[in-house]
Amino acid sequence: MCSVNTPYEVAVIDEIQMIRDPGRGWAWTRALLGICAQEIHLCGEAAAINLVTELMYTTGEEVEVRNYERLTSLKVLDNALQSLNNLRPGDCIVCFNKNDIFSVSRQIEARGLECAVIYGSLPPGTKIAQANKFNDPDDQCKILVATDAIGMGLNLSIKRIIFNSLVKPSVNEKGEKEIDTISTSQALQIAGRAGRFSSMFKEGEVTTMVQEDLPLLKEILDKPVHAIQAAGLHPTAEQIEMFAYHLPDATLANLVDIFVSLSQVDGHYFVCNIEDFKFVADMIQHIPLNLRSRYVFCTAPINRNLPFVCTSLLKFARQFSRNEPLTFQWICKHVTWPVSPPKTIKDLMHLEAVHDVLDLYLWLSYRFMDMFPDAALVRAIQRELDAIIQTGVHSITKLIRASESRTALQILDETSKDSGGFPDGAPTPGPRRIRGTKSLPANAEPQKASLTSRLVQDGLLTPDMLKQLEKEWMSRHQSRGNQTRLNELDILKKNRKKK
């Protein structure tokens, strides 16, 4: 987002260690080498010092290094949490996927405790609201369940960090998905949130959920953080345009592929993976755009795993290609604004995707002001949407229960289909007449009601039976979770053997 054309007196680049990130490192390299500032302050891990010093030497810059020590102590405990019954005020459970977030928060509130929830796809305003709720000493919420999103950009009053797992999915330099143990850098970044100097706790603690993970956590934290060897690069629009001059018939995805395969970089740099770029390039290839505009659309920050966001980008590009401005009315119609408060987790996730679409509009409005003219109005409804999402996250366990009830009914429906209707080969009972109702004519089509109401009306399901179904579904879900834990332990053992 930063401008490399505007002159500044001072620029501050935070989390400079992200310069090594396989997907986004190029943005930090661009900022470090491109910002027009008299003085640049870099904040981050000491692992970046040597690389930054060498890069600045090549540009003739003076480098001054200032090291800062942590002002409070951080202690690795000898015992794991082992049970959610052992939670204390100021605890933060760190999970590495959203399903674990939902599962753990549900189990915590089932014990009569209130918890705040923070994960990466939440809007910034919702993250801050949840952080404030957790930090407020007068609020009943004393537990936080979060992903590693808490590692950057949030001030939290945490006493103890509890790793729910030490295995995290990631994407390597080739764009391939991997599941591996967290790095020392990641572990320190997360564990360091406990007992911060500005919080009410003057000493931090860190542990794991299960005892088997604790020795590995200690081993990870004891390792030195390896110095960063190289900074990420990405082909610029100017470079691709020059390249396209010699290959006029090549698609943008092919141009970037060929460019990267022919590129040679010295030891201080590496080329970031370009899979997301190529994904968007292929998606919008059939839309008539000039090369520079096509490049900008391909660098838009979207999650390609969200179909609604990808479809939105496609529609944005199509409208743009017709030279038709994307007005406030157009975007409201596209996202079906105003939206309803979420009733299930699926609804909440859709609203998060809508927020991402509004973010995408604002991002493009900085690049194409004439074609995305209503940024102020879109920003206003985005704030409203943020408030709606905050309400949903505040009652997240209710949404989880609603989702579970629906899933339980789906399981019941599937079971009845699989067993031919009813267990033990029992014949399907005929229609029952409920007192006070009128029977329908033989040729009349019954009104479509929910499965629950139909079963209750027919006397086949009682509220107690529904509760029992929910318990059975939860038990099945728990057993799946245990199997996942066993799989994670297998991965950990294999990784340790490799190392």
Side-chain angles (χ1 to χ4, degrees), residues 14-15 70-75 77 81 83-96 98 100-164 189-207 209 341-342 345 347-349 351-352 355 382-402:
D14 199 7
E15 309 295 355
R70 181 184 169 96
L71 297 175
T72 57
S73 62
L74 180 65
K75 179 182 179 183
L77 301 179
L81 185 71
S83 169
L84 295 177
N85 295 327
N86 298 326
L87 286 171
R88 303 192 303 251
D91 279 350
C92 172
I93 300 177
V94 176
C95 308
F96 291 114
K98 204 182 285 186
D100 284 350
I101 290 273
F102 296 150
S103 175
V104 171
S105 60
R106 174 79 164 88
Q107 293 175 58
I108 289 172
E109 298 218 357
R111 287 165 168 77
L113 300 172
E114 194 173 338
C115 65
V117 173
I118 296 174
Y119 50 87
S121 59
L122 286 177
T126 304
K127 290 178 188 172
I128 293 169
Q130 288 290 295
N132 292 341
K133 179 181 173 65
F134 173 71
N135 289 339
D136 186 355
D138 298 324
D139 197 293
Q140 292 182 348
C141 173
K142 304 297 181 188
I143 309 294
L144 176 63
V145 184
T147 62
D148 52 343
I150 62 167
M152 296 181 186
L154 289 171
N155 292 315
L156 295 160
S157 191
I158 298 171
K159 169 65 176 175
R160 179 171 59 169
I161 289 284
I162 302 153
F163 284 92
N164 189 58
Q189 183 91 18
I190 298 166
R193 309 311 292 182
R196 302 281 287 200
F197 182 70
S198 58
S199 75
M200 68 172 70
F201 303 109
K202 300 311 174 190
E203 181 185 53
E205 298 173 345
V206 58
T207 187
M209 180 64 75
I345 289 295
D347 293 344
L348 178 63
M349 292 173 71
L351 292 185
E352 291 169 9
H355 192 280
Q382 191 183 44
R383 284 194 293 268
E384 289 182 44
L385 178 58
D386 200 332
I388 294 170
I389 293 174
Q390 285 180 39
T391 304
V393 173
H394 183 69
S395 56
I396 196 163
T397 50
K398 291 179 183 177
L399 303 185
I400 295 169
R401 282 196 295 271

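Only heavy atoms go into these numbers, but all of them, side chains included; no hydrogens, no water, no symmetry mates. None of the values given here were measured: they were computed from a predicted structure.
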Could you tell me whether the side chain of [Y] reaches within less than 4.5 Å of the side chain of [X], counting heavy atoms only?
| X | Y | result |
| --- | --- | --- |
| Met349 | Asp347 | no |
| Leu348 | Val393 | yes |
| Val145 | Ile118 | no |
| Arg111 | Leu84 | yes |
| Met200 | Pro137 | yes |
| Asp91 | Leu144 | no |
| Ile162 | Val206 | no |
| Ile190 | Phe163 | yes |

For [X] versus [Y], what's the shortest heavy-atom pair and its separation?
| X | Y | value |
| --- | --- | --- |
| Ile108 | Cys115 | CG2-CB, 4.2 Å |
| Leu156 | Ala131 | CD2-CB, 3.5 Å |
| Thr147 | Gly120 | OG1-N, 3.6 Å |
| Ser105 | Phe102 | OG-O, 3.0 Å |
| Gln390 | Ala129 | OE1-CB, 3.3 Å |
| Asn135 | Ser157 | OD1-N, 2.8 Å |

Before accepting this row, confirm whether a basic side-chain N of the pair Glu352/Lys98 lies closer than 4.0 Å to the acidic partner's carboxylate O. yes
Please check: side-chain N/O of [X] versus main-chain N/O of [Y], any donor-acceptor pairing under 3.5 Å?
| X | Y | result |
| --- | --- | --- |
| Gln130 | Val117 | yes |
| Asn86 | Leu81 | yes |
| Gln189 | Gly151 | yes |
| Asp386 | Thr126 | yes |

Could you walk me through whether Lys159 and Ser199 pass the side-chain contact (heavy atoms from CB on, under 4.5 Å) check? CA-CA 9 Å; Lys159 169 65 176 175; Ser199 75; over 6 Å; no
Does the structure place the NZ or CZ of Lys142 under 6.0 Å from the centre of the six-membered ring of Phe134, at an angle of no more than 45° from the ring's axis? no
Pair Ile396, Ile101 - check side-chain contact (heavy atoms from CB on, under 4.5 Å), show working. CA-CA 10 Å; Ile396 196 163; Ile101 290 273; 5.5 Å; no
For the CG atom of Leu351 and the CG atom of Leu385, what is their distance to the nearest 0.5 Å? 6.0 Å
What pairs of residues pass the salt bridge (Lys or Arg N to Asp or Glu O under 4.0 Å) test when at least one of them lies in residues 117-133, not counting sequence neighbours? Glu114-Lys133, Lys133-Asp139
Could you go step by step and tell me if Ile93 and Met209 meet the side-chain contact (heavy atoms from CB on, under 4.5 Å) rule? CA-CA 8 Å; Ile93 300 177; Met209 180 64 75; 4.0 Å; yes
